[in-house]
Number of protein chains: 4
Amino acid sequence: MFIVIDENDRRPIYQQVVDEIKGLIARGVLREGAALPPVRQVAADLGVNLNTIATAYRELQGEGLINIRHGAGAVVASRTASEKTDDELRKPLRAALTQLALAGLPRAEIMSIVTEELRGLLKGAR
Amino acid sequence: MFIVIDENDRRPIYQQVVDEIKGLIARGVLREGAALPPVRQVAADLGVNLNTIATAYRELQGEGLINIRHGAGAVVASRTASEKTDDELRKPLRAALTQLALAGLPRAEIMSIVTEELRGLLKGAR
Amino acid sequence: MFIVIDENDRRPIYQQVVDEIKGLIARGVLREGAALPPVRQVAADLGVNLNTIATAYRELQGEGLINIRHGAGAVVASRTASEKTDDELRKPLRAALTQLALAGLPRAEIMSIVTEELRGLLKGAR
Amino acid sequence: MFIVIDENDRRPIYQQVVDEIKGLIARGVLREGAALPPVRQVAADLGVNLNTIATAYRELQGEGLINIRHGAGAVVASRTASEKTDDELRKPLRAALTQLALAGLPRAEIMSIVTEELRGLLKGAR
DNA sequence: GTGGTCTAGACCACG
DNA sequence: GTGGTCTAGACCACC
């Protein structure tokens, strides 16, 4: 599994793990029904506490993205339309775009960056 | 000053204030050299602790966006090329785009949303 | 046997099996003295581990609802007055009703739902 | 605060706390905007670890029932219609009613118990 | 003062 | 083997 955590990232580790796994699912690296690695293995790989990963998995289960079967591992849930409100989705986007604008990038360049990131994100995804 | 804070927002209040002010600067509402309102006034307006606003101003100063002159208020700094690494700018963008993709939005719709947000963001900006 | 298990159900599989069988007994589908299908058959039908079903049967035996005769299968026990304390029966009910109330349902609607569920539950029961 | 945990309850402590607080909100004991006691105080009162209560609060925040303001305590959120699916609400009810039926209670008595519990639940609630 | 996160390690429950 | 929960205690972030 290709999860990396960043020491300098302000987000808590468990949140980084959540976001990384969301990314893997979004990109199609982890597909419906695919088994996630055991909590203890991820913890060992990343050199963090078991609890930290367990918290991440619990959060993912709470969001309906994975199904945890006690004693039998966790798998990616079948995709049901996320219920996130539009605003919850746009807010982070707006924040990110604001940063780019603040950095002085002209509109055209921002669009170009977005296009590039989207290409990277959806490459190979279905 | 048109700063609003959202009770239900997970970000700490000081961070919301920071982001709001960044937005004002990005949109050109606050231009180079413009004076920011006194910490005490913002705190009173928003009904939050004075320390909270002071922390926000300190953060903005740390990022080089404003200059705080002890006893003489704070002003918007002259725009110097931001030192943020490219990656620091792209990371939040990538995260936001991932969320949109996870929600099942097709690429075209994501682009449309980005365009819309950019228009709102840069409206009236210099 | 008409047992179904739900991937997305948070309850452990063995508990789902226990509850399903309780339902069958409550509705009279399985009557006193009726033989339960062999553990191995249920396990095969559901595609789960044999141990999981064995645990369910053990639990049912522990509650006095079935009699397991080593080497000779399991049968529904004769109905003896349950020893569950009143509180043990009311607690889950109270919890379920609390959820409905929290969802904002008016009292009348809750009663209507209860009536409906009871009708479904006892249909065809003895 | 009137939270009690039951040693013999199968649910984890943090879940019991979540359910207790939900009950307090559902019954109107805790109204919108009311402050919840500090995590550490609840932990001390119940004689459990701080983390256990923190987990409960996080869960409640995740469900949108409370707003946690870092450094400034937690308050009951304004009630927004819960998004729980109908099935998620009915399942526990069905399970509880099944237990009552299994205990041999006639339909009329079950209805009477439900009415009684509802009265207790909604007493004084708005 | 408040809540948040993480660790190390124990013990339990499920399959 | 899997995941779940809890503890004790540390340290951090926010108001």
Side-chain angles (χ1 to χ4, degrees), chain A residues 5 7 9-17 35-43 46-61 66-75, chain B residues 5 10-18 43 46-56 58-59, chain C residues 5 10-18 43 46-56 58-59, chain D residues 5 7 9-17 35-43 46-61 66-75:
Chain A
I5 56 179
E7 274 279 301
D9 197 314
R10 287 285 303 266
R11 289 172 301 165
I13 297 175
Y14 82 90
Q15 187 66 56
Q16 291 186 43
V17 173
L36 275 70
V39 175
R40 277 165 177 78
Q41 179 188 312
V42 176
L46 300 181
V48 302
N49 190 277
L50 175 165
N51 274 328
T52 305
I53 308 302
T55 298
Y57 276 35
R58 197 201 298 161
E59 169 73 14
L60 286 165
Q61 160 140 294
I66 69 175
N67 286 140
I68 297 177
R69 296 149 328 167
H70 198 146
V75 298
Chain B
I5 58 179
R10 293 286 302 263
R11 287 174 299 167
I13 295 175
Y14 89 94
Q15 187 66 56
Q16 292 187 42
V17 173
V18 165
L46 300 181
V48 303
N49 192 288
L50 184 154
N51 263 326
T52 306
I53 307 302
T55 300
R58 229 180 301 125
E59 168 74 12
Chain C
I5 58 179
R10 293 287 301 263
R11 287 174 299 166
I13 297 175
Y14 89 93
Q15 187 67 55
Q16 292 187 42
V17 173
V18 165
L46 300 181
V48 302
N49 192 287
L50 183 155
N51 264 326
T52 307
I53 308 302
T55 300
R58 228 181 301 124
E59 167 74 13
Chain D
I5 57 179
E7 274 280 299
D9 197 313
R10 288 285 304 266
R11 289 171 300 165
I13 296 175
Y14 82 90
Q15 187 66 56
Q16 292 187 43
V17 173
L36 274 72
V39 175
R40 280 166 172 78
Q41 178 187 312
V42 176
L46 299 181
V48 302
N49 190 278
L50 177 166
N51 272 327
T52 306
I53 307 301
T55 300
Y57 275 36
R58 198 201 298 161
E59 168 74 14
L60 285 165
Q61 161 141 295
I66 70 176
N67 286 140
I68 296 179
R69 297 153 324 170
H70 199 147
V75 298

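Letters A, B, ... mirror the listed sequences (proteins, then strands); counts begin at 1.
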Practice task
Find the distance between CD (Gln15(B)) and CZ (Arg10(B)) and round it off to the nearest 0.5 Å.
Solution key: 14.0 Å

Problem - Span of DNA chain E, from the first to the last nucleotide whose atoms fall under 4.0 Å of chain D heavy atoms - result: dG1(E) to dC14(E)

Handout entry: Contacting residues from residues 9-17 of chain A, given that a heavy atom lies under 4.0 angstrom of DNA chain E
Key = Pro12(A), Ile13(A), Tyr14(A)

Practice task
Assign each of Asn51(A) and Asn51(B) to its nearest nucleotide of DNA chain F by heavy atoms, then name whichever residue's nucleotide is nearer the 5' end.
Solution key: Asn51(A)

Problem - From Asn67(D) atom CG to Leu60(D) atom CG, the distance as rounded to the nearest 0.5 Å - result: 11.5 Å

Problem - Value rounded to 0.5 Å, distance of CZ in Arg40(A) from CG in Asn49(A) - result: 10.0 Å

Completion exercise
Smallest heavy-atom separation, Val39(D) atom then Ala54(D) atom, equals CG1-N, 3.8 Å

Problem - Separation of Asn51(A) CG from Arg58(A) CZ (nearest 0.5 Å) - result: 8.5 Å

Exercise for the section: Could you check Ala74(D) against Arg40(A) and say which one's nearest nucleotide on DNA chain E is further toward the 5' end? Expected result: Ala74(D)

Handout entry: Non-hydrogen side-chain atoms of Thr52(B) and Leu46(B) separated by less than 4.5 Å
Key = no

Exercise for the section: Under 4.0 Å between any heavy atoms, over every strand shown, what does Val48(C) touch: base, sugar-phosphate, or nothing? Just pick one. Expected result: nothing

Handout entry: Minimum-distance pair of heavy atoms, taken over all atoms of Asp9(A) and Gln16(A)
Key = CB-NE2, 3.2 Å

Completion exercise
Assert: residue with more 5' nearest nucleotide on DNA chain F, out of Thr55(B) and Arg69(A), is Arg69(A)

Exercise for the section: Write down the atom of Val75(D), the atom of Arg69(D), and the distance for their closest heavy-atom approach. Expected result: CG1-NH2, 3.6 Å

Exercise for the section: Both distances under 3.5 Å, Watson-Crick or G-U wobble: report the partner of dA13(F), or none. Expected result: dT2(E)

